[in-house]
Structures are given as C-alpha cells and as structure tokens.
Amino acid sequence: MQLYKDQHLRVHNSLTGKKEVFEPINEGHIGMYVCGPTVYSNVHLGNCRTFMSFDMIFRYFKHLGYKVRYVRNITDAGHLENDADEGEDKIAKKAKLEQIEPMEVVQRYTVDFHNTLQKFNFLPPSIEPTATGHIIEQIEIIKEIIEKGYAYEINGSVYFDVIKFNESNEYGKLSGRKLEDMIANTRELTAQSEKKNPQDFALWKKAEPQHIMRWPSPWGDGFPGWHLECTAMSTKYLGETFDIHGGGMDLKFPHHECEIAQAEASNGKSPVKYWLHANMLTLNGKKMSKSTGNNIYPFEIFSGENDILSKAYSPSVVRFFMMQAHYTSILDLSDDALLASEKGYNRLMDGLENLEKLKTTNTSNFDVKAWKQKCYDAMNDDFNTPILISHLFDAVKRINLIKEGKETITEEDKALLQQTMNSFVFDILGLENQKSVGEDTNALGGVVELLIKLRNEARANKDFATSDKIRDELNALGIQLKDGKEGTTFSIN
RNA sequence: GGCAUCGUGGCCGAGUGGCUAGGCACAGCUCUGCAAAAGCUUGUACAGCGGUUCGAAUCCGCUCGAUGCCUCCA
C-alpha cells in the first residue's frame with residue numbers, strides 16, 4: 001500500500017500562483033527536473049539551499065511511495081557571458097584565466113559540488129546529465145524550432161523569435177511579464193546586436209576563433225545558447241511533458257520562461273505541469289555577492305574559518321536551519337539565527353536519544369497516531385517543514401515528560417513514535433545526528449561514565465568541591481552532565 | 001523605471017477572515033546540596049494610513065521599506 005493514496009499533497013505552482021492538488025501525470029510515477037549548477041566556481045551556500053529544498057521534496061516523494069525519476073543537470077558548457085556579439089563562454093573564460101583546459105575547470109568544480117552536497121547528506125539524483133553530453137540533442141531541437149518558423153539564423157548564430165512566438169503563444173506567463181511592457185522597457189544596448197529585436201535569445205552561438213569550447217553544427221562551429229540544455233535534457237529523460245520542474249527563483253526569468261518557449265515551439269506542448277521555485281538565501285539581510293564580500297562558502301561554515309560567524313557549524317545544523325524556513329520564503333542567514341538553530345537541533349537530537357531509553361507502561365496518554373497525521377498534514381501542505389519541525393518539538397516535549405514520569409506511553413506507541421520520528425528527521429528532512437559520539441561504544445563514553453560514578457560518590461559523601469570540579473571541568477571540555485530521576489546522563493557538544 | 005515576492009513580539013520563523021505554530025533569548029516557579037538539563041507560567045507581535053466586515057496579521061487601496069528578476073547567477 002503506497003502512502004500517497006492516503007496522503008493528499010498540495011503544491012504551490014508558480015505557473016498559476018496557487019496551491020494545487022498534486023496529481024502526477026502517470027499514477028505512482030513522478031518526473032522531476034531541477035536546474036543544476038554551472039560548474040565554473042565553488043558551489044555557494046545559496047545554491048545549496050535550492051538543491052536542499054528539492055532534495056527534501058525528492059525524499060518526501062520517495063517516502064510517499066512514488067517512483068521518482070529526479071534529473072538534475074550539470075551545466076558544463078557555460079552560459080553566454082552576455083547577449084551581445086562578444087558573447088563568451090563562462091567556462092572558457094575561466095579556463096583561460098587559470099591557464100587550464102575547460103574540462104579541467106568543470107571537473108574540479110563538479111567534484112567540489114558533489115563533495116559539498118555529500119556533507120549535507122544529499123541523496124544523489126536519478127540522472128545527472130551534462131550539457132556537453134547533449135550537444136546533438138540540442139542541435140536537433142534547434143532544427144525543429146527553425147522548421148516550425150520560430151527561430152532564424154544570422155551569421156552562424158540562431159536566435160529564437162520571441163515576437164513571432166508570442167503571436168500564437170504567451171511569452172511571459174510564468175514570470176507575469178507582458179512582451180509589450182518588456183519592449184517598452186528595453187535598455188538601449190551600446191553594442192550593435194544582430195538579433196531582430198532585443199527580446200530574442202540565442203539558441204546557437206557562432207564560436208569566434210579564440211573560443212575554446214566549440215562544436216560543429218549545421219550553422220558552423222559554435223556552442224549552444226543559455227536555455228537550451230535544460231529543454232534538451234528534460235525532454236530526453238522525462239518526456240515532452242513531465243510533472244515537476246524546479247529551480248531557484250532567480251531562474252524564473254528569463255531561463256524558465258525560455259524553456260517553456262523552446263518546448264512549446266518545438267513540440268507544441270507546455271512542458272511542465274507544476275513549476276516549483278525555491279526562494280533566495282540572504283546573508284545578514286543582504287544578497288550574497290562575491291564582489292561585495294557578502295558571501296560564504298559551505299566549507300567556511302563547517303571549518304569556522306570566516307569573518308562572518310562566531311564559530312563553526314556542522315552541515316546538519318545548517319540543514320536544520322534551512323529546514324526551519326519554508327522553501328518559498330526568503331531566508332536570512334546570520335550568526336544569531338544559526339546559534340539558535342544549533343541549540344534547537346541539539347534539543348531535537350537529545351529527544352531522539354531519550355526516546356530510545358523510554359520506559360513503557362500499559363497506558364498511553366500521548367495520541368501518537370493523531371500526532372503522526374499532523375506531521376503528514378504539514379508536509380502535504382506544500383512541504384511545510386517549519387510546521388513539521390514544530391510538531392517534532394511537540395513530540396520532544398512529550399518524550400521529556402514521559403522520561404520524567406509525568407506522562408506514560410505503551411510499547412506499541414513508543415515503537416510507532418520511534419519509527420515516525422526517524423522517518424521525518426532522518427529520511428525526509430535528511431538530518432544526521434552529528435553531535436553524539438556513540439556514548440556507549442567508545443572509550444570516551446566509558447571514561448565519562450567513570451567520572452559520573454566518581455562524582456556521584458563524592459556527592460553522596462557531601463564532598464561538593466570534588467563533585468562540582470568534575471562537573472565544571474567536563475563542561476569546559478564540552479561534555480554536559482544532566483542529572484535526572486533515573487540517574488545522570490551526558491551529551492557531548 | 002517595469003515585473004515578482006515580502007514586511008509578524010528581543011532574534012529567527014510559521015500562520016490568509018474569528019479558536020492566536022515552533023525554536024532561541026529573557027523573567028518567575030518546580031526539581032537540585034548548588035547548578036545544568038527537564039517541566040510549568042508569563043510576553044497585550046503582526047510596517048504606516050485609509051477602506052470592506054459583526055469581526056482582519058489575514059481581503060481591498062495608497063504610502064514607506066526590503067529582497068529578487070529585468071545583464072551570468074540557485
């Protein structure tokens with residue numbers, strides 16, 4: 001029995017601006033495409049947030065029992081530097097700068113990307129195709145668009161004819177723009193453009209002699225335009241229409257708008273049923289930007305080597321911090337916010353550990369089934385992880401009360417609670433318990449237990465000087481002792 | 001200038017017409033040898049100004065402000 005038959009999901013569709021009941025095109029199967037990174041520099045934290053949102057969504061779909069094909073591309077051909085004639089491939093430019101082969105740049109930053117995502121405990125997508133691996137498919141789509149009359153060739157380059165397209169289709173429907181307004185607001189380009197009008201975008205660019213990344217085509221040597229790779233790869237692996245297309249909010253226009261135009265022009269169908277957009281991450285209230293220095297890389301957070309934060313934070317704490325905000329909201333990263341999240345994260349993980357050791361009775365005054373459904377309701381409402389987390393904290397509170405003997409739980413309810421907590425915390429939110437050091441299994445745990453024993457002996461003898469010394473010095477080492485009704489436990493932070 | 005999203009208590013962040021998440025911080029209490037941990041209690045929050053309504057943080061209008069896009073960007 002698949003869970004999705006009971007759990008009815010609603011998603012916010014950017015195309016309509018509304019929350020809609022989610023119904024996949026083919027029952028039980030989901031095709032999802034997410035625009036991946038351009039691998040010309042280290043992946044930054046804002047990128048990670050977007051991919052993390054879709055990782056969580058991917059995880060939830062899988063949890064519900066869907067068969068998901070999740071395609072997330074690697075853009076290794078680079079995008080055009082700009083719209084004008086001097087268009088230059090971003091990756092080629094970086095390569096020249098560093099005097100290495102373009103594919104060397106691609107390789108280096110692809111590895112960085114994968115390493116970083118792995119630290120954040122990402123699930124790998126089903127397919128991770130590259131733009132350079134799909135040049136032939138891209139050329140085929142260009143041919144089709146030309147055939148249908150929505151593109152034209154000039155001097156070895158091919159451009160999409162937006163005005164022509166807009167006569168029969170609606171260019172701008174995703175981002176809420178009107179072509180007339182865009183024409184009226186066009187900024188004057190100083191460089192003379194060969195395009196028929198400024199709204200047209202490149203499908204194929206002629207390669208200048210100095211351009212390293214180049215492929216032969218019916219229009220001469222060149223390279224594909226900015227938006228084409230996603231159309232080519234999503235169509236190839238998910239079909240002409242598929243369920244979900246995701247990406248960062250900043251890609252809505254022009255990138256996703258152009259994808260819609262390319263697909264509609266080439267095969268006459270709107271490519272995507274649900275468009276999902278993840279919102280931006282800001283740093284101290286401002287846009288992340290390398291040029292202003294308001295920027296931080298994941299590895300700088302993990303190591304603590306940065307000028308912005310007071311200490312290092314583990315990947316799972318950062319993940320928890322991001323999951324505390326809804327994916328469609330702008331989230332602001334700051335030291336205060338991370339500090340608060342870290343404490344909350346520790347509380348959640350302590351709760352999970354306490355749950356394991358909970359004593360059970362014949363009666364239960366915690367309605368675990370009702371609580372469990374509330375967790376699903378939160379996720380079913382457009383993946384509302386902040387509400388889910390509030391329910392998880394409710395459970396932590398109940399766990400602590402049961403531990404104190406103020407409430408009770410049956411063996412059966414305890415098992416259900418454990419199973420549900422583990423599903424949501426680890427499988428769906430993708431968190432990891434990175435704070436405990438295996439209290440019972442390593443030497444450190446044994447040493448701390450020994451000290452707890454010595455301390456309790458001292459306390460029994462009213463030798464508080466000794467007992468407090470043990471407690472305070474352990475605390476200084478980051479080991480916190482917790483006296484409870486059932487004895488003393490500890491946690492390592 | 002245009003388009004979009006948004007402005008919630010000390011901080012972060014949910015919530016879309018009445019039942020008013022959650023985390024962190026602060027204060028009081030219980031527990032404790034004292035603490036810590038845990039639990040309990042308290043906070044008269046919805047940018048401003050109008051309007052609709054029996055009733056608005058939630059709908060409408062205007063003003064101010066923020067963020068993103070309009071040029072590569074998740």
Side-chain angles (χ1 to χ4, degrees), chain A residues 14 17 34-38 40-41 43-54 75 78-84 87-88 90 93 172 174-178 181-182 184-187 189 199 226 246-255 257 277-282 285-290 320-321 324-326 328-345 347-348 350-351 354 378 381 384-394 396-397 399-401 403-404 406-407 459 462-464 467-468 471-472 475 480-485 488-491:
Chain A
S14 309
V34 171
C35 293
T38 304
Y40 71 101
S41 65
V43 62
H44 75 80
L45 199 64
N47 286 284
C48 292
R49 184 192 180 200
T50 295
F51 300 134
M52 194 182 288
S53 297
F54 289 102
T75 296
H79 289 166
L80 288 179
E81 195 77 299
N82 58 44
D83 219 4
E88 189 176 9
K90 198 183 258 181
K93 189 180 180 190
L174 180 67
S175 53
R177 285 157 212 250
K178 288 191 165 56
D181 296 344
M182 289 166 56
N185 289 314
T186 298
R187 292 179 189 173
L189 289 170
Q199 280 67 45
W226 337 345
M249 201 73 109
D250 50 350
L251 293 183
K252 220 172 177 183
F253 187 90
H255 185 59
E257 206 69 73
H277 285 99
N279 219 323
M280 300 293 104
L281 181 73
T282 56
K286 283 179 196 142
K287 179 192 179 180
M288 281 203 187
S289 159
K290 285 174 209 170
F320 179 73
F321 162 74
Q324 274 186 303
H326 190 84
T328 58
S329 297
I330 293 171
L331 174 63
D332 185 48
L333 184 116
S334 63
D335 197 47
D336 285 347
L338 277 176
L339 227 38
S341 283
E342 185 177 56
K343 290 193 177 171
Y345 167 85
R347 185 173 147 85
L348 181 63
D350 284 347
N354 288 330
D381 185 15
N384 199 324
T385 52
I387 293 288
L388 168 67
I389 289 170
S390 79
H391 294 320
L392 298 179
F393 278 113
D394 284 345
V396 168
K397 184 182 271 191
I399 289 166
N400 288 330
L401 283 167
K403 188 187 167 211
E404 298 284 306
K406 289 174 181 159
E407 290 194 6
R459 291 172 74 199
K462 300 222 188 297
D463 179 7
F464 297 124
S467 68
D468 287 356
R471 179 185 68 197
D472 296 341
N475 197 42
Q480 186 184 38
L481 300 187
K482 299 170 186 174
D483 295 329
K485 289 253 187 317
T488 303
T489 57
F490 70 95
S491 66

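Each chain gets a letter, A, B and so on, in the order its sequence line appears, and its residues count up from 1.
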Under 3.5 Å on both distances, the Watson-Crick or G-U partner of [N]:
{"N": "rA38(B)", "answer": "rU30(B)"}
{"N": "rC11(B)", "answer": "rG23(B)"}
{"N": "rU53(B)", "answer": "none"}
{"N": "rU5(B)", "answer": "rA66(B)"}

Using the [atom1] atom on both, measure [N] against [M] and round to a whole Å.
{"N": "rG48(B)", "M": "rU41(B)", "atom1": "C1'", "result": "34 Å"}
{"N": "rG43(B)", "M": "rA35(B)", "atom1": "P", "result": "26 Å"}
{"N": "rC24(B)", "M": "rA57(B)", "atom1": "P", "result": "28 Å"}
{"N": "rG50(B)", "M": "rA14(B)", "atom1": "P", "result": "30 Å"}
{"N": "rA38(B)", "M": "rA25(B)", "atom1": "P", "result": "9 Å"}
{"N": "rG18(B)", "M": "rU71(B)", "atom1": "C1'", "result": "48 Å"}
{"N": "rU20(B)", "M": "rG15(B)", "atom1": "C1'", "result": "9 Å"}
{"N": "rG9(B)", "M": "rA21(B)", "atom1": "P", "result": "15 Å"}

Among [options], which is the nearest nucleotide to the side chain of [X]?
{"X": "Lys252(A)", "options": "rG23(B), rA74(B), rA4(B)", "answer": "rA4(B)"}
{"X": "Leu251(A)", "options": "rA4(B), rC34(B), rC73(B)", "answer": "rC73(B)"}
{"X": "Glu404(A)", "options": "rG23(B), rA38(B), rC72(B)", "answer": "rA38(B)"}
{"X": "Ser329(A)", "options": "rA36(B), rA14(B), rG22(B)", "answer": "rA14(B)"}
{"X": "Asp332(A)", "options": "rC69(B), rG13(B), rG39(B)", "answer": "rG13(B)"}
{"X": "Ile387(A)", "options": "rA74(B), rU67(B), rA14(B)", "answer": "rA14(B)"}
{"X": "Arg471(A)", "options": "rC24(B), rA14(B), rA35(B)", "answer": "rA35(B)"}
{"X": "Arg459(A)", "options": "rA14(B), rU67(B), rU32(B)", "answer": "rU32(B)"}

For the residue pair Thr328(A) and Asn279(A), confirm or rule out a side-chain donor-acceptor distance under 3.5 Å.
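Side chains of Thr328(A) and Asn279(A): no pair found under 3.5 Å.
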Taking the nucleotide of RNA chain B with the nearest heavy atom to each, does Ala337(A) or Val396(A) sit closer to the 5' end?
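Nearest nucleotide further toward 5': that of Ala337(A).
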Take Ser390(A) and Lys403(A), find for each the nucleotide of RNA chain B with the closest heavy atom, and name the residue whose nucleotide sits nearer the 5' end.
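Nearer the 5' end of the strand: Ser390(A).
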Checking all strands, does [X] fall into the base, sugar-phosphate, or nothing category for heavy-atom contacts under 4.0 angstrom?
{"X": "Ser53(A)", "value": "nothing"}
{"X": "Lys397(A)", "value": "sugar-phosphate"}
{"X": "Gly247(A)", "value": "sugar-phosphate"}
{"X": "His391(A)", "value": "nothing"}
{"X": "Asn384(A)", "value": "sugar-phosphate"}
{"X": "Asn475(A)", "value": "nothing"}
{"X": "Ala278(A)", "value": "nothing"}
{"X": "Asn400(A)", "value": "sugar-phosphate"}
{"X": "Leu401(A)", "value": "sugar-phosphate"}
{"X": "Leu481(A)", "value": "base"}
{"X": "Phe253(A)", "value": "sugar-phosphate"}

Are the side chain of Asn384(A) and the backbone N or O of Ile387(A) linked by a donor-acceptor pair below 3.5 Å?
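Pair found, side chain donor or acceptor close to backbone of Ile387(A).
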Specify the separation, in whole Å, of atom [atom1] of [X] and atom [atom2] of [N].
{"X": "Ile389(A)", "N": "rC24(B)", "atom1": "CD1", "atom2": "C1'", "answer": "14 Å"}
{"X": "Leu338(A)", "N": "rG23(B)", "atom1": "CG", "atom2": "P", "answer": "18 Å"}
{"X": "Lys178(A)", "N": "rG1(B)", "atom1": "NZ", "atom2": "C1'", "answer": "17 Å"}
{"X": "Phe320(A)", "N": "rG13(B)", "atom1": "CZ", "atom2": "P", "answer": "14 Å"}
{"X": "Asp250(A)", "N": "rC70(B)", "atom1": "CG", "atom2": "P", "answer": "8 Å"}
{"X": "Gln324(A)", "N": "rG22(B)", "atom1": "CD", "atom2": "P", "answer": "13 Å"}
{"X": "Phe393(A)", "N": "rG39(B)", "atom1": "CZ", "atom2": "P", "answer": "11 Å"}
{"X": "His326(A)", "N": "rG13(B)", "atom1": "NE2", "atom2": "P", "answer": "14 Å"}

Can a donor-acceptor pair under 3.5 Å be found between the side-chain atoms of Arg177(A) and the base atoms of rA4(B)?
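Absent.
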Polar pair under 3.5 Å, donor/acceptor by atom type, side chain Asn279(A), base rA74(B)
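Checked by distance alone, the answer is no.
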Determine whether Leu45(A) and Leu333(A) make a side-chain contact, defined as any pair of heavy atoms from C-beta on separated by less than 4.5 Å.
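With C-beta onward as the side chain, the pair touches.
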Min side-chain heavy-atom separation Asp350(A)-Gln480(A) under 4.5 Å
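Counting from C-beta outward, Asp350(A) and Gln480(A) never come under 4.5 Å.
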Do any side-chain nitrogens or oxygens of Lys343(A) fall under 4.0 Å of OP1 or OP2 in rA25(B)?
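True: Lys343(A) side-chain N/O within range (under 4.0 Å) of rA25(B) OP1/OP2.
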Return no unless some side-chain N or O of Arg347(A) is found under 4.0 Å from OP1 or OP2 of rA38(B).
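Affirmative; the distance criterion is met.
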List the steps and the verdict of side-chain contact (heavy atoms from CB on, under 4.5 Å) for Phe393(A) and Ser390(A).
CA-CA 5 Å; Phe393(A) 278 113; Ser390(A) 79; 5.8 Å; no
Going from CG on Asn475(A) to CG on Asp468(A), what distance comes out if it is rounded to the nearest 0.5 angstrom?
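The CG atom of Asp468(A) is 11.5 Å from CG of Asn475(A), to the nearest 0.5 Å.
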Can a salt bridge be assigned to the pair Lys397(A) and Asp394(A) using a cut-off of 4.0 Å between side-chain N and carboxylate O?
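Salt bridge: no.
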Pair Asp483(A) + Arg459(A): basic N to acidic O under 4.0 Å:
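Yes, Asp483(A) and Arg459(A) are salt-bridged.
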Applying side-chain contact (heavy atoms from CB on, under 4.5 Å), run through Leu281(A) and Met52(A) and close with a yes or a no.
CA-CA 12 Å; Leu281(A) 181 73; Met52(A) 194 182 288; over 6 Å; no
Measure from the ring centre of Phe464(A) to the centre of the six-membered ring in the base of rG33(B), then say whether that distance is under 5.5 Å and the planes meet at under 30°.
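According to the criterion (under 5.5 Å, under 30°), yes, Phe464(A) stacks.
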